Every structure is written in structure tokens, then in C-alpha cells.
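Inspection log for the structure reproduced underneath, given as C-alpha cells.
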Amino acid sequence: MRNYTFRKQTQQDFQQRVQRIDPYYFKHGDTKRTCSRPARPLLSLVMGFGWAYLIFTVARNRTQIEESLLQGALPAQYHDYIFFMLAGLLSISAVMLGGHLLRFLMSRRASNGKRNSGGLLVGALAAGALAYTPADVFDNGLGLLHENSNALILAASEGVNVDLASISFVSSNGLN
């Protein structure tokens, strides 16, 4: 059997071990670490828009989803599971949007998390505005176009063989 010698650990031994285990703490001391995620507010805006638009579309079109399931090849006994998963998606999304709202309101002013959550919330607001805008507003907006814009739309429709002048926005719930 080998004999091991035990010696008392010195301050230098302790400092070397701390440097080996946590170099950041050894160099900076006990300071708060900054957020390692970069701020990408534009990417967050696009992702928030897509996510919220999907959620708003699913929430508004329950009857269309049900009709699509009835026409599909999936047995009727699984339709309830699909709706349970969609309800879970809606509820989890509501909780996540609430979490991002709290993160935006409670974070420090210049933090990257606040900027990312802010972009996501702005995208969700834009998706909500687009999803719940009545069709009459779109029709009135197209009616306000200048004659040159109308001529451009007509010229584009002739080149594509699609009558763009006759396009109208119709809501899916039958209200015009």
C-alpha cells in the first residue's frame, strides 16, 4: 500500500483551482454575467409575426379545420385529439406571450432579452392587426389608390394573364 502525504492547501493552490474551474470568476470576481444571447429584434419581429398569425388563424377557423378533418382520411376517433393539441397550442402560446410581455416590462432598459421580447411582441401585434382587420378596410384602401397605381395593376394583370382588377378580399365568416 502506498503512503500519501497530506499537506495543507495554500491560498495559491486555491487560486489555481478557481482559475481552472471558473476562469470568468477568477478574472472578474463576483459580478453579474451579461446575457450571452445577441439582440436580434428584426428576427424576433418576423418570428413573432409568423407565430401569432398562425395562432390567430387557428383560433378563428375552427369550423374550417373541422370540415377539413371530416373530408380527410383520418378516422373520426382521432379528431378530438387534434383539437386537444390545437387547444394546448393556443394556451401555451398565450402563456408564452404573457411571459414575453413580463420579460419586456421587467427587464433592464438596454438588455438583449428586452429587445428580443419587444420585437416578438411588435410582430404579434402586427399579426393581430392583420388577422382581425375587416375586409372593408382593405377594399377602401385599394379604392384610394391613385389612377397611376390602378394603371400599373392593370398592366401587371395583362402580363400575367390574371385579372388583378377583379380581386376582392372576402372574409371567411361571411361578413363583408
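Quick caveat: nothing in here was measured; it's all calculated off a predicted structure. Numbering of residues begins at 1 and proceeds along the displayed sequence.
Among N116, V122, L120, the one residue that satisfies the side-chain contact (heavy atoms from CB on, under 4.5 Å) test with L45 is V122.
F14 is connected to Y25 through a chain of hydrophobic side-chain contacts under 4.5 Å among Ile, Leu, Val, Met, Phe, Trp and Tyr, so both are in one cluster. Tracing side-chain contacts under 4.5 Å through hydrophobic residues (I, L, V, M, F, W, Y), one reaches L121 starting from L105; they form part of the same cluster. Both F84 and I55 are members of a single hydrophobic cluster when ILVMFWY side chains are connected at heavy-atom separations under 4.5 Å. M96 and M85 fall within the same hydrophobic cluster, defined by Ile, Leu, Val, Met, Phe, Trp and Tyr side-chain heavy atoms under 4.5 Å apart, directly or through other members. M47 and L130 sit in two unconnected hydrophobic clusters of ILVMFWY residues. Membership requires side-chain heavy atoms under 4.5 Å apart, directly or through other members.
Open room surrounds OH on Y81; 12 or fewer heavy atoms of other groups in view lie less than 6.0 Å from it. The environment of Q77 atom CD is dense: over 12 non-hydrogen atoms of other residues, nucleotides or ligands sit within 6.0 angstrom.
When every heavy atom of A52 is checked against every heavy atom of A127, the shortest pair comes out as CB-CB, 3.8 Å. When all heavy atoms are compared, the tightest approach of K8 to D13 is O-OD2, 4.5 Å.
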*Are I82 and L74 close enough, and set up right, to give a side-chain contact (heavy atoms from CB on, under 4.5 Å), and what steps lead you there?*
CA-CA 10 Å; I82 299 293; L74 187 67; 4.0 Å; yes

*Do Y132 and R60 pass the side-chain contact (heavy atoms from CB on, under 4.5 Å) test, and can you show the C-alpha distance, the side-chain angles, and the key distance before you say yes or no?*
CA-CA 9 Å; Y132 288 105; R60 290 182 70 194; 3.3 Å; yes

*Any chance you could lay out the side-chain contact (heavy atoms from CB on, under 4.5 Å) test for R62 and L86, step after step, and finish with the verdict?*
CA-CA 10 Å; R62 185 189 192 291; L86 290 176; over 6 Å; no

*Start with the C-alpha gap between I21 and R17, add the side-chain angles, then the distance that decides, and say whether side-chain contact (heavy atoms from CB on, under 4.5 Å) holds.*
CA-CA 6 Å; I21 292 173; R17 186 170 182 185; 3.8 Å; yes

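Taken from CG in L54 to OG in S93, the straight-line distance is 8.0 Å, to the nearest 0.5 Å. Atom OG of S107 sits about 12.5 Å away from atom CZ of R115, to the nearest 0.5 Å. Interatomic distance, L97 CG to L125 CG, rounded to the nearest 0.5 Å: 9.0 Å. To the nearest 0.5 Å, the span separating CD on Q15 from CD on Q11 amounts to 5.0 Å. Distance CG/L69 to OH/Y78: 13.5 Å, rounded to 0.5 Å. Once rounded to the nearest 0.5 Å, the distance linking CZ of F56 with CG of L90 reads 10.0 Å.
In this structure a side-chain-to-backbone donor-acceptor pair under 3.5 Å is missing from N61 to V58. Within the 3.5 Å criterion, the main-chain N or O of V18 finds no donor-acceptor partner in the side chain of D22. In this structure, the side chain of S68 does not engage the main chain of Q64 through any donor-acceptor pair within 3.5 Å. Put simply, the side chain of H100 never gets that close to the backbone of K114: no donor and acceptor are under 3.5 Å apart.
With a 4.5 Å cut-off on side-chain heavy atoms, R20 and F26 do not count as touching.
Using cut-offs of 30° and 60° on the angle between ring planes, the pair F49 and Y53 is parallel.
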